[in-house]
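For reference, the structure discussed in these notes is given below.
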Amino acid sequence: MTNSMKQAAKTWDRHEILAEIRRRGMTLSGIAEDAGLEASACRHGIARRNRKGAVAIADALGIPFQTLFPGYHARGHNSDANLSLKKRRASRQNDTRNADQNAA
């Protein structure tokens, strides 16, 4: 099995990502600065709070973003989970409006 196949099958957590960065003699601040970001961007990226920082980490390690951070921000504006939440909220608002109109 080649090294890239091992990386593709591996599930990465933040501790393994940090260990790989250190093994390669890199730092989170250094990766961020090389990418033209603030020094804290990669620290936030590894905690999944800054996508640009996470992308910079993936690029620096040469590992595809989705391999390194699977499911990152999977719940976007148009995801199924978010749409069903919007439907439930709209339904509740309609129920409240109907109740108010019936009471009047």
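Numbering starts at 1 and runs along the sequence shown.
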Check your understanding: Just how far is it from atom CZ of Arg48 to atom CG of Asn50, taken to the nearest 0.5 Å?
Key -> 13.5 Å
Review point. What is the minimum heavy-atom distance between Glu33 and Ala39, and which atoms define it?
Key: OE2-CB, 4.3 Å
Check your understanding: Side-chain contact, heavy-atom cut-off 4.5 Å: Leu37 with Ile31?
Key -> no
Exercise for review: Look up atom CD1 in Ile21 and atom CZ in Arg14, then write down how far apart they are to the nearest 0.5 Å.
Suggested key: 12.5 Å
Exercise for review: Might you point out which heavy atoms bring Gly53 and Cys42 nearest each other, and give the distance in Å?
Suggested key: O-SG, 3.6 Å
Practice item. Run the numbers on Ile63 and Ile57 for side chain to side chain contact (heavy atoms under 4.5 Å, CB included), then give the verdict. Key: CA-CA 9 Å; Ile63 300 171; Ile57 292 168; over 6 Å; no
Point to revise | Distance, nearest 0.5 Å, that separates CZ of Arg23 from CG of Leu61 | key: 10.0 Å
Review point. Of the non-hydrogen atoms in Phe65 and Ala54, which two are nearest, and what is the gap between them?
Key: CE1-CB, 3.6 Å
Review point. Out of curiosity, Asp13 CG to Ile46 CD1, how far, rounded to the nearest 0.5 Å?
Key: 9.0 Å
Practice item. Measure across Phe69 and Ile17 and return the closest heavy-atom pair with its distance rounded to 0.1 Å. Key: CE2-CD1, 3.8 Å
Exercise for review: Check Ala35 against Ala56 and note the closest heavy-atom contact, atom names and distance.
Suggested key: CB-CB, 3.8 Å
**Study point:** Gap between atom CG of Leu18 and atom CZ of Arg43 - 0.5 Å precision
**Key:** 11.0 Å
